[in-house]
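Reading through the C-alpha cells given below for one structure.
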Amino acid sequence: MKGSVILFNDENEMTIIEDVEEEIYENIKEQAGTDHCIVTLDDQTVDFGHVSPVYWREGNIHTD
C-alpha cells in the first residue's frame, strides 16, 4: 500500500513525501525523535534530521 508521510522538524516545518510504501513510513516512524532520520527514497539516502511527530495518510495529499 502506498500513501503520504507527513514529517515535522524542530521548527515545526512540515515535509510531505508522497507515493511512499507503508514499510518506509514504519521505518521513519521508528526513527522519530532521533537526531538523524535516515531513509532510502528512489535509490538515494536522505537524512531528514530530527523529525517528530510523523503521520501517515493513505493516498496523496491535495493542497491548493
Checklist entry - Any side-chain heavy atom of Val5 within less than 4.5 Å of one from Ile24? => result no

Checklist entry - Taking Ser4 for the side chain and Gly59 for the main chain, is one N or O donor matched with an acceptor at less than 3.5 Å? => result yes

Item to check | Shortest non-hydrogen contact between Ile6 and Phe8, atoms and distance | outcome: CG2-CE1, 3.8 Å

Next on the checklist: Measuring from atom NZ of Lys29 to atom OG of Ser52, what distance do you get when rounded to the nearest 0.5 angstrom?
Outcome noted: 11.5 Å

Checklist entry - Tell me, which pairs form a side-chain hydrogen bond (donor to acceptor under 3.5 Å, both in side chains) where one or both residues lie in residues 35-45, sequence neighbours left out? => result His36-Asp47

Please report, to 0.1 Å, the donor-acceptor pairs under 3.5 Å made by any side chain of residues 10-23, with sequence neighbours excluded.
residue	atom	partner	partner atom	Å
Asp10	OD1	His50	ND1	2.6
Glu13	OE1	Asn9	ND2	2.9
Glu18	OE2	Ile61	N	2.9

Item to check | ring-ring contact (aromatic ring centres under 6.0 Å, His included) partners of Tyr25, counting only residues at least two apart | outcome: Trp56

Next on the checklist: Please determine whether side chain to side chain contact (heavy atoms under 4.5 Å, CB included) holds for the pair Val46 and Ile38, giving the CA-CA distance in whole Å, both sets of side-chain angles, and the decisive distance to 0.1 Å.
Outcome noted: CA-CA 6 Å; Val46 180; Ile38 301 170; over 6 Å; no

Checklist entry - Looking at Gln31 and Thr34, what are the two nearest heavy atoms and their distance? => result O-OG1, 2.6 Å

